[in-house]
Amino acid sequence: MGHSATNCEDSELEESDNEDSETESEDEDEDVAEVDVPRLPRWRTPHNAYFNAYPEWQGLLSRSDDIMSPLQYFKQFFSEDILEVIVGQSNLYAIQCNANKPLNLTTKELEQSLGIVVYMSLFGLPCTRMFWNKACRVSQVADTMILNRWETIKKSLHFSNNEERQEENDDPLHKIRPLVTHLTSKLTSIPVGEKLAVDEQMVPFKGRNRLKQYLPSKPKKWGYKILVLAGSDGVPHNLEIYTGRVVQPPELADVGASGNVVLRLAQPIPKQENYKLFFDNWFTSVPLVLTLAQQGIHCTGNRLPGVNLMCDAELKRAGCGSFEQKMAMVGETTLHVVKWYDNRSVTHLSDYTGAHPVTEVDRWDRKRKMITKVPCPAVVKEYNKNMGGVGLLDSLIALYRNKIKSKKWYHRLVFHFLDMIIMTTWLLYRRDCEGTGMRKKEQMKLYTFKSYIAEGLCKSGKSLERKKGRPCSTIAGEYEEKRRKGPAAPIPVPDVRLDATAHWMIMAEKKGRCKVPGCTGTPKAKCRKCDVHLCFTSTSNCFLRFHTE
């Protein structure tokens, strides 16, 4: 007990001898049925300070001794297999829309389009077309892909076959189910730390869709709700997009709609190793805590109803820092409920820590105009320290969130997952840096890390030549256009001109007309293999253009 002075009778949880004798005289089937019915906890007030032994963590957080490049971290999640699925489904969707306009998307081109999306989140222009506009052109984007091609890829971006959708078993996330399944499997394989939290995440979205939710407590109140399991360092380990009522898997206990969410998300947590899980009042319930305690996972939540505790007015009269504690035994699990008054009252439920040991925290006293020390129960300090993992992940995503607009509702989720995975890779990179002893000053900043991923997606393993929208913009197209107007000297066939082999520049004795259509230069430089004159100056590189377009 702390600063409260309630006179409550102790309620013992042990069954009396009379109750034992009555159950012995009953039928065996009835006896089994009574044991299976869970009993409600009977709360009592401890007379003395109760110090519970802190459960020691039995797990081990494995760390990598090798620090990879940002692109290598990223490709652990967006691996080649999922990119091939996206390419195949996007090409199929384009043909389904218009068989005369195939998309012909490749994996390399898909990576470039994703790299452009990452660049857009870094530069943050309000409209995507502004990245190609002459007034505010961004060369990292505009030099990678032309605008029309990028918009065509975005329009056709698809993840599943619409024709295979089963009406009998309607999945609200059918459009992106392969992507969600793939990313979830990758997240669940990340090594788990001791302290974890389950919380809600909001994906900003104001379009029309039945999955859109309204959460007044969030900075972005409208959007898709995602339930996330994350470590105290912000690394996500599991996620579930809220789609309404979900049927609980038969292998998991049924502890209510909100508690079932925690049980589903907590499946990647190793059992019987004293991991600590934190969640807020929407999830907190006694059946949930007891179910997780049977799995060896300790929990801390807040705002538990149905417990007879001091009212807020009594705690306020006792002063800032006053608290009341109650305990209950359910089987082998000890439950602690602590109500603490700070600027307002907060209630916490835990199965491994209570009010003691009590520490002190700094608070501003408005009457005395000074900072004072007030008592703070151990469970409050533990909860406040470890509950913010999902909030940390949200704050990092919000720093460079992409704001690409689309008429397709699922694109907002896809681009959010792209941001989330990049934040996850950066947090894993920092974890590996700490494992190798690298100082924080030497570690890559988030902006730099994200720009390296964007540059790698746009350039790594890709040719620098871009696809042109019209045939006349290439050398062959311009040459055909020139031939229509009148006679023109022949040029080598494309198989020779574009083979990138043995095209050496030599200086001829006499000048000659440059063979790039539209160029009026008369250089001495010529290609030895093609035997045509080509400009090669600081302002006109016709030699490169002739052999690449």
Side-chain angles (χ1 to χ4, degrees), residues 69-75 78 83 103-157 397 399-406 411 414-415 418-419 421-423 425-426 444-475 477-478 498 500 516-519 521 534-549:
S69 68
L71 186 61
Q72 288 175 325
Y73 280 104
F74 178 81
K75 286 194 172 182
F78 278 87
L83 292 180
L103 182 63
N104 296 326
L105 180 65
T106 64
T107 304
K108 298 295 184 183
E109 202 173 15
L110 175 62
E111 289 182 352
Q112 287 182 316
S113 65
L114 294 178
I116 289 175
V117 173
V118 179
Y119 268 132
M120 288 178 174
S121 67
L122 290 174
F123 290 98
L125 295 180
C127 177
T128 55
R129 294 198 169 194
M130 295 177 68
F131 289 89
W132 286 268
N133 192 294
K134 291 183 179 180
C136 51
R137 185 178 186 272
V138 178
S139 59
Q140 289 90 337
V141 171
D143 292 343
T144 301
M145 187 179 294
I146 63 173
L147 172 62
N148 289 345
R149 181 59 178 171
W150 182 80
E151 288 187 338
T152 302
I153 293 174
K154 187 193 78 169
K155 180 181 178 182
S156 303
L157 197 63
I397 293 175
L399 291 176
Y400 307 110
R401 188 194 302 274
N402 71 69
K403 301 175 182 177
I404 300 174
K405 296 181 180 179
S406 175
H411 280 177
V414 172
F415 296 143
L418 184 62
D419 288 338
I421 292 303
I422 292 178
M423 293 306 112
T425 56
W426 182 68
M444 214 178 294
K445 302 296 182 183
L446 176 57
Y447 186 95
T448 306
F449 187 90
K450 197 167 186 178
S451 66
Y452 281 12
I453 292 178
E455 184 178 5
L457 289 172
C458 290
K459 295 183 178 180
S460 178
K462 283 84 175 177
S463 174
L464 294 179
E465 57 183 286
R466 297 187 303 163
K467 288 186 177 181
K468 298 294 182 178
R470 301 174 184 174
C472 64
S473 63
T474 64
I475 296 295
E478 292 177 3
L498 303 176
V516 172
C519 181
L534 298 165
C535 293
F536 186 74
T537 64
S538 59
T539 57
S540 179
N541 192 350
C542 295
F543 188 89
L544 176 64
R545 187 183 171 198
F546 185 82
H547 293 103
T548 56
E549 296 183 5

Item to check | Pairing residues for Tyr452 by the side chain to side chain contact (heavy atoms under 4.5 Å, CB included) criterion, not counting sequence neighbours | outcome: Pro70, Met444, Thr448
Checklist entry - Residues two or more places apart in sequence or in another chain: which of them pass side chain to side chain contact (heavy atoms under 4.5 Å, CB included) with Phe536? => result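 Scan of Phe536 (side chain to side chain contact (heavy atoms under 4.5 Å, CB included), adjacent residues dropped) gives Met505, Asn541, Phe543.
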Considering only heavy atoms from C-beta outward, does the side chain of [X] approach that of [Y] to under 4.5 Å?
X: Phe78; Y: Ile421; answer: yes
X: Arg137; Y: Asp143; answer: yes
X: Arg149; Y: Thr144; answer: no

Next on the checklist: I'd like to know whether Ile453 forms a side-chain contact (heavy atoms from CB on, under 4.5 Å) with Tyr73, so could you lay out the CA-CA distance, the side-chain angles of the two residues, the decisive distance to 0.1 Å, and finally the verdict.
Outcome noted: CA-CA 9 Å; Ile453 292 178; Tyr73 280 104; over 6 Å; no
Rounded to the nearest 0.5 Å, how far does [atom2] of [Y] lie from [atom1] of [X]?
X: Leu399; Y: Met423; atom1: CG; atom2: CE; answer: 7.5 Å
X: Cys535; Y: Leu544; atom1: SG; atom2: CG; answer: 13.0 Å
X: Ile153; Y: Leu114; atom1: CD1; atom2: CG; answer: 9.0 Å
X: Thr128; Y: Trp150; atom1: OG1; atom2: CH2; answer: 4.5 Å
X: Ile422; Y: Tyr400; atom1: CD1; atom2: OH; answer: 12.5 Å
X: Met130; Y: Phe123; atom1: CE; atom2: CZ; answer: 13.0 Å

For [X] versus [Y], what's the shortest heavy-atom pair and its separation?
X: Ser156; Y: Leu103; result: CB-CD2, 3.7 Å
X: Cys458; Y: Ile116; result: SG-N, 3.9 Å
X: Leu157; Y: His411; result: O-NE2, 3.7 Å
X: Lys154; Y: Lys405; result: NZ-O, 3.1 Å
X: Trp132; Y: Ile146; result: NE1-C, 3.7 Å
X: Val118; Y: Leu418; result: CG2-CD2, 4.1 Å

Next on the checklist: Check whether Trp426 reaches the backbone of Tyr447 with its side chain - one donor and one acceptor, N or O, closer than 3.5 Å.
Outcome noted: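 A pair under 3.5 Å: no.
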Checklist entry - Any donor and acceptor pair, going by atom type alone, linking the side chain of Asp419 with main-chain N or O of Asn402 inside 3.5 Å? => result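 Present.
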Item to check | Test side-chain hydrogen bond (donor to acceptor under 3.5 Å, both in side chains) applied to Ser121 and Arg401, Lys403, Lys450, the passing residue | outcome: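 Answer to the side-chain hydrogen bond (donor to acceptor under 3.5 Å, both in side chains) test with Ser121 among Arg401, Lys403, Lys450: Lys450.
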Checklist entry - Hey, mind stepping through Leu122 and Ser451 against side-chain contact (heavy atoms from CB on, under 4.5 Å) and telling me if it holds? => result CA-CA 8 Å; Leu122 290 174; Ser451 66; 3.8 Å; yes
